[in-house]
Amino acid sequence: MLLIAATADDAIRGISDGATVLIGGFGNAGQPMDLIDALLRSGTTGLTVVNNNAGQADAGLAVLIRERRVRKIICSFPRQSDSWHFDAAYRAGEIELELVPQGTLAERIRAAGAGIGGFFTPTGYGTMLAEGKETRVIDGRGYVFETPIHADAALIKALKADRSGNLIYRKTARNFGPVMAAAARHTIVQVSEVVQSGELDPEHVVTPGIYVDVLVAAEPGRAAAAQGRGGLERVDTP
Amino acid sequence: MLLIAATADDAIRGISDGATVLIGGFGNAGQPMDLIDALLRSGTTGLTVVNNNAGQADAGLAVLIRERRVRKIICSFPRQSDSWHFDAAYRAGEIELELVPQGTLAERIRAAGAGIGGFFTPTGYGTMLAEGKETRVIDGRGYVFETPIHADAALIKALKADRSGNLIYRKTARNFGPVMAAAARHTIVQVSEVVQSGELDPEHVVTPGIYVDVLVAAEPGRAAAAQGRGGLERVDTP
Amino acid sequence: MNGKLDRGGIARLIAGDIPPGSYVNLGIGQPTLIADHLTPEQNITLHTENGMLGMGPAATGDQIDGDLINAGKLPVTELPGASYFHHADSFAIMRGGHLDVCVLGAFQVSGTGDLANWHTGAEDAIPAVGGAMDLATGAKEVWVMMSLFDRDGTAKLVPRCSYPLTGIGCVTRVYTNEAVFLLDAGSVRVRATYGVPFTGLASRIDVPLLPPAARPRAGDKPAGRPG
Amino acid sequence: MNGKLDRGGIARLIAGDIPPGSYVNLGIGQPTLIADHLTPEQNITLHTENGMLGMGPAATGDQIDGDLINAGKLPVTELPGASYFHHADSFAIMRGGHLDVCVLGAFQVSGTGDLANWHTGAEDAIPAVGGAMDLATGAKEVWVMMSLFDRDGTAKLVPRCSYPLTGIGCVTRVYTNEAVFLLDAGSVRVRATYGVPFTGLASRIDVPLLPPAARPRAGDKPAGRPG
């Protein structure tokens with residue numbers, strides 16, 4: 001049952017301490033800043049976060065890490081010129097890092113959404129990131145066994161949603177959104193606006209509404225259809 | 001290097017006897033009839049064909065089977081009210097059948113395109129379609145190991161292409177097209193028309209041009225830009 | 001006690017039991033009848049495994065479009081809020097456990113929820129599986145719609161399936177012309193009977209049956225799936 | 001004999017060697033310079049692993065759009081014929097062997113084509129791998145662009161990498177400021193030298209080198225990858 005939240009704070013309710021949370025974005029593109037800020041305000045802690053990076057500068061995921069809400073991060077590229085909050089937490093031994101090649105990260109998330117129990121990828125074979133993992137030679141090529149990354153919740157950003165929960169994205173901000181939406185038990189999406197069902201061309205939908213649980217719109221005009229009636233509007237008719 | 005063929009006969013050149021060929025379509029929707037007819041005219045035989053079905057009535061794949069060009073078929077649903085040509089070939093012992101659950105068929109084709117060496121799926125666990133296959137219990141659930149289906153060629157149908165080879169499809173005729181385009185070494189696409197690069201919105205492209213080798217357009221007006229210059233036009237500028 | 005249900009009656013019953021807002025796949029054959037009994041107020045979204053969510057009623061007349069068909073290859077229509085996707089994405093929806101309910105026909109169902117619905121196992125039969133195994137394995141709830149007895153009077157709810165299996169322990173409910181059965185962790189409870197008393201039913205079926213709960217309700221909570 | 005190449009010179013050389021019509025990924029750092037030397041006549045399509053084919057030049061001024069960035073997170077532009085896709089689809093392009101060429105920077109390359117470019121192995125270093133292993137493993141041709149010697153004069157073309165590996169036996173060419181090397185099934189042939197004679201080069205590198213072929217051509221056929 002799709003819910004439309006009046007605010008980002010309403011939208012992120014239900015994420016518990018210790019939850020595994022997929023957070024969309026590649027750098028800042030596609031990073032759901034409003035939802036992350038709300039998660040920060042909620043005080044939730046002890047999180048395992050899955051993201052390509054480990055935060056940039058002083059916004060979004062970086063602040064969540066600065067405030068020590070993240071117990072463990074699963075990512076491909078934590079070290080950047082402006083990843084100072086992660087760097088400090090890591091050197092202090094206050095955050096656990098699971099480093100995953102970027103394509104393996106995306107494929108493990110996809111596998112969770114697609115009900116795949118595990119898969120063999122050639123990426124990383126013979127490297128230290130395959131140490132301790134099952135390997136297999138298939139048709140003369142080496143492969144590493146990788147497992148799905150399931151999650152309690154996903155926080156992602158899309159361009160628009162319709163009232164059936166269908167999503168479209170914008171340019172390279174699409175990145176991890178579609179696979180994360182499918183992999184989490186509870187998917188929360190920050191969009192610019194929510195339009196009526198029928199306003200998105202069915203051929204152009206990137207994430208079908210079946211994967212979306214909660215929407216929150218940044219544009220108050222259309223977003224706050226819910227506001228008069230409390231924080232969460234149940235969408236009974238698309 | 002993308003080629004634009006003047007005719008379907010030009011388009012399917014290079015498919016050898018004994019080749020493994022992915023053929024798009026679910027029933028008749030998305031079935032590339034022009035390309036199959038050309039393949040029939042070419043006389044190519046001993047084929048292994050991968051398709052969801054085993055042909056309907058007296059057109060397309062059914063005729064290829066009637067003419068005994070198909071040595072083996074890998075499909076999920078051969079038996080239909082109008083699959084008489086397959087039925088006859090099968091009962092005569094003149095076609096080999098590898099029966100694969102439909103989702104496993106799609107995922108095995110996807111795995112080939114995505115460079116995955118194999119994967120564990122829960123589908124078919126404990127059934128006769130898993131007999132002889134490796135199985136594994138993961139987190140208390142049974143899974144079957146399945147391998148990628150690579151192919152020499154794919155014949156698919158899309159709605160439109162641009163001169164960069166990007167494809168869009170139409171409604172449920174999309175079906176196997178995108179995964180087959182990625183899985184074959186040589187992908188041949190039948191479209192209604194070929195438009196200039198830039199005419200398809202990059203957000204709406206379903207199959208990126210990197211997967212497409214040869215295009216042929218049904219609408220002669222735009223298709224036959226190539227015709228004066230022989231059967232195959234090399235696209236040097238999008 | 002009401003009379004036995006006909007197919008339309010079973011379909012109406014199932015339609016009424018599907019929770020509002022659900023994503024549902026109706027298998028080919030009998031279960032497609034259910035769509036006719038869904039109401040707009042239920043806000044049910046239908047999935048068809050050949051690549052669509054938001055499938056509408058059967059197409060007629062000018063609506064018929066060869067590019068818009070359902071899993072049974074029949075022409076259908078598109079509702080507002082629909083979406084199209086390719087086959088691997090469509091079966092990821094199924095295998096990934098995202099469908100709330102799927103309703104399938106069956107040759108046999110076992111008391112532990114095993115399903116046999118794709119192959120009679122006959123020597124000369126040409127096997128065809130389609131999406132049946134993916135649906136049986138993937139949906140959160142797998143409901144079966146079938147006649148309780150076959151033409152020669154043999155029960156189709158059995159201790160152990162004799163036909164080749166589609167999926168193991170996957171069925172949570174069985175809707176038939178004479179009764180509705182709720183399957184849960186090896187136990188089979190009769191939710192209601194139609195045209196026969198519980199005792200009469202129990203004597204004709206070789207699976208231990210629990211009687212209807214004291215106050216049966218038509219829309220009781222779907223049984224949870226183990227695992 | 002010409003002089004040693006600067007970075008722009010190496011980038012120009014590589015750009016000229018990419019076959020027309022290729023799909024190419026230019027790794028972050030030095031290899032991004034190559035884009036400036038590609039000509040429209042080459043009809044090269046650039047892939048960026050964060051979800052795009054048909055990437056154009058760096059964005060400037062009003063073109064800058066936070067939603068349109070490359071793998072190095074720098075603003076870029078979109079060319080006609082571009083397409084966007086999600087991360088799993090983007091890495092399927094790489095892992096599936098669909099890119100014709102990728103060009104990566106490196107700490108070390110071994111004579112058998114092993115690549116080390118993601119981690120110095122230093123005790124206090126924070127590791128970050130990004131898409132490096134996927135590119136090294138997936139592209140049909142993996143070319144390296146690097147200086148031949150590091151600051152203290154140690155050769156980066158080595159018998160065996162001492163840094164943690166990115167991929168095994170994946171590199172087919174190494175473009176450096178002093179020479180271009182063609183790697184094929186364990187042998188290393190110098191295609192050309194820049195500012196140094198072959199013999200001088202061979203004496204400073206601990207990998208057996210084959211001399212340039214009798215009539216070297218700038219655009220010779222890409223070396224095939226074993227397997």
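Here is how names work: the chains are called A, B, and so on, in the same order as the sequence lines, proteins then strands, and each is numbered from 1. This structure is a prediction, so every number in the text was calculated from the model and none was measured.
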Ignoring hydrogens and geometry, is there a side-chain-to-backbone donor-acceptor pair from [X] to [Y] under 3.5 Å?
X	Y	result
A:T127	D:T166	no
A:R91	D:I126	no
A:R170	D:D67	no

Residue D:R7 excluded, over 12 heavy atoms near CZ under 6.0 Å |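 Result for CZ/D:R7: open.
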Most chain D-contacting option - heavy-atom pairs closer than 4.5 Å, from A:A29, A:A54, A:G103 |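 Of the options given, most contacts go to A:G103.
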Select, from A:A106, A:S76, A:C75, the one with the greatest count of heavy-atom pairs under 4.5 Å involving chain D.
->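 Counting heavy-atom pairs under 4.5 Å, the top option is A:S76.
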For the candidates D:L68, D:N50, D:N70, D:L135, which exhibits the highest count of non-hydrogen atom pairs separated by less than 4.5 Å from chain A?
->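 Counting heavy-atom pairs under 4.5 Å, the top option is D:N50.
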Tell me, do [X] and [Y] make a side-chain contact under 4.5 Å, heavy atoms counted?
X	Y	answer
A:L129	D:W118	yes
D:P127	A:L97	yes
D:F91	A:E107	no

Shortest non-hydrogen contact from A:G124 toward D:M133 =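 Closest heavy-atom pair between A:G124 and D:M133: CA-SD, 3.7 Å.
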What is the distance from atom NZ of A:K171 to atom OH of D:Y84, rounded to the nearest 0.5 Å?
->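 A:K171 atom NZ to D:Y84 atom OH measures 4.0 Å (nearest 0.5 Å).
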Would you give the length of the straight line joining atom CD of D:E78 to atom OG1 of A:T172, rounded to the nearest 0.5 angstrom?
-> 10.0 Å
Walk me through it: do A:Q102 and D:V129 pass the test side-chain contact (heavy atoms from CB on, under 4.5 Å)?
-> CA-CA 7 Å; A:Q102 196 170 147; D:V129 65; over 6 Å; no
Given that the side chain runs from C-beta out, which part of A:F176 has a heavy atom under 4.5 Å from chain D: side chain, backbone, both or neither?
->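 For A:F176, the contact with chain D is made by backbone and side chain together.
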Honestly, the part of A:Y169 sitting under 4.5 Å from a heavy atom of chain D is neither
Show the numbers, then the answer: is there a side-chain contact (heavy atoms from CB on, under 4.5 Å) between D:T137 and A:R141?
-> CA-CA 11 Å; D:T137 309; A:R141 191 168 195 199; 3.4 Å; yes
Where do A:N175 and D:H86 land on the side-chain contact (heavy atoms from CB on, under 4.5 Å) test, with the steps shown first?
-> CA-CA 5 Å; A:N175 57 67; D:H86 63 59; over 6 Å; no
Answer with side chain, backbone, both or neither: which region of D:D124 has an atom nearer than 4.5 Å to a non-hydrogen atom of chain A?
-> both
Do D:K73 and A:Q80 pass the side-chain hydrogen bond (donor to acceptor under 3.5 Å, both in side chains) test, and can you show the C-alpha distance, the side-chain angles, and the key distance before you say yes or no?
-> CA-CA 10 Å; D:K73 306 196 176 71; A:Q80 301 181 105; 2.9 Å; yes
Intermediate values then yes/no, ring pair (Phe, Tyr, Trp, His ring centres under 6.0 Å), A:F26 and D:H87 = CA-CA 9 Å; A:F26 179 87; D:H87 244 79; 5.6 Å; yes
